[in-house]
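Everything on this sheet refers to the single structure shown next.
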Amino acid sequence: MVRVRFAPSPTGYLHVGNARTALFNYVFARKNSGQFILRIEDTDQERSAVKYEQAIIEDLRWLGLDWDEGPEVGGNYGPYRQTERLHLYQELAEKFLQAGLAYRCYCTREELEGRKQQALQEKGMAGYDGRCRYLTQAQVAAFHHEGRKPVVRFQVPAESIEVNDLIRGKVVFAGETISDFVIIKSDGLPTFHFAVVVDDFLMGITHVIRGEDHLSNTPKHILLFRALKARLPFFAHMSMTLGPDRTRLSKRHGATSIRAFRQAGYLPEALFNYLALLGWASPDGQEIFTREELVREFSLERCSKTAAIFDHNKLLWMNGLYMRKTSPERLLQLSLPLLQAQSLAPQEPTAEFLAKTKQLIALEQEKFKTLSDIPERIGFFLKTPVYDSKLIEKYFTPQTREILAEIEVILADQESFEHHKLEEAIRTLCQEKAYKPAQVFHPLRIALSGTTKGPGLFEMMEILGKEETIGRLQAVIKNETFRSGKDGGPGTPP
RNA sequence: GCCCCCAUCGACUAGCGGCCUAGGUCACCACUCUUUCAAGGUGGUAGCACCGGUUCGAUUCCGGUUGGGGGCGCCA
C-alpha cells in the first residue's frame, strides 16, 4: 500500500512550489490507489500560526487536493499536527540517548557560531565539531550549574551514505560531510529532521516525494531511519520552482501563493493543470489534462531533474483556456462576489438579474482570461459607461453626432430589437448615405459602451434593449463636450 | 569555503547512439478571419553551454570546465 504525505509548516500561505509538491504527492497516491496524508509541521514556535494552517487547508481543498488522513478528516495514525505528537519525539529521543545513538550538547549559540566561522575559514566545514560527545559527569554537572539548557544531538557515524532516488538515481554522500545534528531543541521540541523521520516512520510513509532542497538532508534522514530500525521509504526529489531570474521563487517575483492566484481570479483546474506541467511531461506531449487524465498518465519516472521557472504567462493562457471551457453558469457564480464588490451587482440579485448577467457572460466568455476580467468586460452593461476623452477624440468626428442622431431615429422605429434586424437596418443606412461601416460602427460602439472592447455591436444592442440603447445614444448626442468632437472628459453624460 | 543536484529555443519540455536538416506548447513576429477586443486558422524567428574522450556515428555515453540551483541552523 502506497502512503505519501504533504507536510507543510504553517508559517505563511501555501506557496505554489509547495502546492506543486502536494499535487505530485496527491497524483502519485491516486495513481497507485494509495493514501495521501496531510501533516502539519508546526514545531517552529516563532513562526507558526493557526491562521496559516487554516489557509493552507482551504487552499489545498480549493485546488482539489483532498487528503485521506490528516487535520479535519482524522485517520489511524494521528494526531497529524506535530505539536500534538511531542511526547513521541521525546520518548524516541530518550531511547536514542540511552542507546548511545545521541548525546546532550551544552554548547551555546554564541560558542557554536564562533567555532563555525573559524572552521569555515580553516577547513571549509560548517558543521558541529562533536565536542560534547563524550562529556564527563563533572562537565555535565558544571554546565547544569551554569544553567545551560542542552539540546540533543544525533551521533553521526563516519560512513558514507547512499541515497537511491527515484528521480535522480544513486547519490552518494561522504560520511565526513555530515556532522552531529540537533534532534531535540533546548525548548524540548524536535527539529525538522527528527520530526519528519519519526512521523514518516510512525505513519508508515512509503514514498517521500519532496523538493530537491531536501536532497542534501536525506542522508541525515536515512541515518535516523536506521537508528529507529525502520524500513527506508523510497525517496523522490523533484526539481525546484524558480522565478524568472532563476532564483528561488519568492514575493519579489509577484504572486507566489495559491491564495494570491485565487484572489487574482484564477480557476483551480487551471492552476492544477499548470502546476502538473512544471517538471513533468506526458509521453505524447499532451498538455491539457483533467484531474483523472493526469492521475492515469502520471509517473515519477517522467519527472524532470531540471529546475523549472514559473511562467505566469503560460498560466494565464491556460486559465483563459479553462475560462472558455467552463459553463457561463459557473462563471456567473464565481464572479458574482466580484461584481458585488464593484457595485455592479446587488447584494441580493433577482433571478432576472442573474439570467441577464449570465447572458452577458456567455456573450463575452471567449475573452476572459481570469475571473477578474468579468466585471471589467461586462461592467458597461450593468451601469452607465464612463467615457474616455482619448477615445472620443480618436473616433468621433464632427459628423459623428449627425450619424448617431440618424441611428437614433432608426432605432426608435424598430419593432424588433433582435440583432439581425438591427444590423440590417443600420447597414441599410450606411448604404443609403454612403457611410463606410467603420465610420458608423466604431462611434456607435463607443457611444453605447464607452469602450472599443466589447461584444458584437448588434448583440450588444439587443441585450441592452431598446430603451437603454436609445437612452445612452441620446445622452451622448446631447453631451456638450462632444459637440466639438474633442475634450469629452471622463464622466457620465447627463 | 566544503558537499550535493542540474544543463535542449526567451519559458515549459520531447529526445533515452543513427528515425534530428532537433519535435510540441506558451510568448514573440507576419499573414488570415473580423464592426472593436478576443478566440481561431496558416506560416515564421529562435535551442542541444564549452572542451576533451568512447564510437563507424553523438543532443543522447564518460571525464573536465563554465554556469545555475540547493545544502552545510536549537527554520522547515
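First the proteins, then the strands, lettered A, B, ... as listed; each starts at 1. Bear in mind the structure is a predicted one, so any value in this text is a computation, not a measurement.
- To the nearest 0.5 Å, atom OH of residue Tyr322(A) and atom NZ of residue Lys369(A) are 15.5 Å apart.
- Looking at every heavy atom in both residues, Glu41(A) comes nearest to Ala7(A) through OE2-CB, 3.3 Å.
- C5(B) and G10(B) are spaced 27 Å apart, taking the P atom of each and rounding to whole Å.
- Ion pairing between a basic and an acidic side chain is recognised when a charged N comes within 4.0 Å of a carboxylate O; Glu287(A) and Lys314(A) show such pairing.
- Among the nucleotides C74(B), A38(B), U35(B), the one closest to the side chain of Lys369(A) is A38(B).
- Across A76(B), U25(B), A39(B), the shortest atom-to-atom separation from the side chain of Asn217(A) is found for A76(B).
- Look at the C1' atom in both A27(B) and A11(B): the space between them is 8 Å, to the nearest Å.
- Residue His193(A) places its side chain closer to A76(B) than to any other of G70(B), A76(B), C26(B).
- Between Thr43(A) and A76(B) there is a side-chain polar atom (N or O) within less than 4.0 angstrom of OP1 or OP2.
- Of all nucleotides present, only G18(B) satisfies the Watson-Crick or G-U wobble test against C56(B), with each distance under 3.5 Å.
- Checked against A76(B), C74(B), G24(B), the side chain of Glu287(A) finds its nearest nucleotide in G24(B).
- Atoms CG (Leu242(A)) and P (A7(B)) sit 14 Å apart, rounded to a whole Å.
- Remark: Arg133(A) engages Asp180(A) in a salt bridge, criterion side-chain N to carboxylate O under 4.0 Å.
- Going from the C1' atom of U65(B) to that of C19(B) covers 33 Å, rounded to whole Å.
- Atoms CG (Asp245(A)) and P (G68(B)) sit 12 Å apart, rounded to a whole Å.
- Between Asp129(A) and Lys116(A) there is no salt bridge, since no side-chain nitrogen of the basic residue lies less than 4.0 Å from a carboxylate oxygen of the acidic one.
- Across the P atoms, U59(B) and G1(B) are found 33 Å apart, a figure rounded to whole Å.
- No salt bridge links Glu113(A) with Arg109(A); every basic N to acidic carboxylate O contact stays at or beyond 4.0 Å.
- With hydrogens and angles ignored, no donor-acceptor pair under 3.5 angstrom links the side chain of Lys305(A) to the base of C6(B).
- Picking from U35(B), G70(B), C12(B) the nucleotide with the shortest atom distance to the side chain of Arg246(A) gives C12(B).
- The C1' atoms of C12(B) and G57(B) are separated by 31 Å, rounded to the nearest whole Å.
- Using a 4.0 Å heavy-atom criterion, one finds that Phe181(A) contacts no nucleic acid atom at all.
- Computed from coordinates, the Met318(A) CE to A27(B) P distance equals 11 Å when rounded to whole Å.
- With distances taken from any side-chain atom of Arg153(A) to the nucleotides C12(B), C74(B), G71(B), the minimum falls on C74(B).
- One can place CZ of Phe173(A) at 8 Å from P of C4(B), the figure rounded to the nearest angstrom.
- Side-chain proximity of Glu212(A) to the nucleotides G71(B), G69(B), C74(B) is greatest for G69(B).
- Between Arg168(A) and C4(B) there is no side-chain polar atom (N or O) within less than 4.0 angstrom of OP1 or OP2.
- Rounded to a whole Å, the CG atom of Asp200(A) is 13 Å from the C1' atom of A76(B).
- Atom CD of Glu366(A) is separated from atom P of U36(B) by 13 Å (rounded to the nearest Å).
- For the atom pair OG1 of Thr83(A) and CD of Glu53(A), the computed distance is 8.0 Å after rounding to the nearest 0.5 Å.
- Residue-level contact check: Ser9(A) touches the backbone only, with heavy atoms under 4.0 Å from sugar-phosphate atoms and none from bases.
- Backbone-only engagement by Val172(A) is indicated by non-hydrogen atom pairs under 4.0 Å involving sugar-phosphate atoms exclusively.
- For Arg377(A), whose side chain is taken as the heavy atoms from C-beta onward, the closest listed nucleotide among C37(B), C5(B), C12(B) is C37(B).
- C16(B) and U34(B) are spaced 44 Å apart, taking the P atom of each and rounding to whole Å.
- A straight line from CG of Asp180(A) to P of G73(B) spans 12 Å, rounded to a whole angstrom.
- Within 4.0 Å of Val151(A), counting heavy atoms only, lies at least one base atom of the nucleic acid.
- The partner of U36(B), taking Watson-Crick or G-U wobble pairs whose two distances both stay under 3.5 Å, does not exist in any strand shown.
- None of His419(A), Arg427(A), Lys421(A), His420(A) except one satisfies the side chain to side chain donor-acceptor pair (under 3.5 Å) rule with Glu423(A); the exception is Arg427(A).
- U66(B) and U25(B) have their C1' atoms separated by 30 Å, with the value rounded to a whole Å.
- Here the separation of C51(B) from G17(B), taken at their P atoms, is 23 Å to the nearest Å.
- As judged by a 4.0 angstrom heavy-atom cut-off over every strand, Arg248(A) is placed among residues touching the sugar-phosphate backbone only.
- Between the Arg20(A) side chain and the Leu278(A) main chain, a donor and an acceptor come within less than 3.5 Å of each other.
- Contact between the side-chain N/O atoms of Arg445(A) and the OP1/OP2 oxygens of C37(B) is not found at any separation under 4.0 Å.
- Nucleotide G73(B) forms a pair with no other nucleotide shown, judged by Watson-Crick or G-U wobble geometry with both contacts under 3.5 Å.
- Between Thr247(A) and Leu242(A) the shortest side-chain heavy-atom distance does not fall below 4.5 Å.
- Between Arg39(A) and A76(B) there is no side-chain polar atom (N or O) within less than 4.0 angstrom of OP1 or OP2.
- The CD atom of Glu408(A) sits 11.0 Å away from atom OG1 of Thr469(A), with the distance rounded to the nearest 0.5 Å.
- The side chain of Ser216(A) sits closest to G70(B) out of A76(B), U35(B), G70(B).
- Nearest-nucleotide positions on RNA chain B place Gly456(A) closer to the 5' end than the other of Ala126(A) and Gly456(A).
- Contact annotation for Thr247(A): backbone-only contact, meaning every heavy-atom pair under 4.0 Å involves sugar-phosphate atoms and none involves a base.
- Rounded to the nearest 0.5 Å, atoms CZ (Phe458(A)) and CG (Leu422(A)) are 7.5 Å apart.
- Among the atoms of the strands shown, base atoms are found under 4.0 Å from some heavy atom of Gly454(A).
- Base pairing of U42(B) is made with A30(B), judged by Watson-Crick or G-U wobble geometry with both donor-acceptor distances under 3.5 Å.
- The base of C3(B) does not come close enough to the side chain of Thr177(A) for any donor and acceptor atom to sit less than 3.5 Å apart.
- Put simply, CZ on Arg81(A) is 17 Å from P on A76(B), counting in whole angstrom units.
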Extract from the structure each pairing of a protein N or O with an N or O of nucleotides 13-16 of chain B at less than 3.5 Å, listing the distance.
| unit_1 | atom_1 | unit_2 | atom_2 | d |
| --- | --- | --- | --- | --- |
| U13(B) | OP1 | Gly279(A) | N | 2.8 |
| G15(B) | OP1 | Arg302(A) | NH1 | 3.3 |

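- For Lys453(A), counting side-chain heavy atoms from C-beta on, the closest listed nucleotide (C12(B), U35(B), C37(B)) is C37(B).
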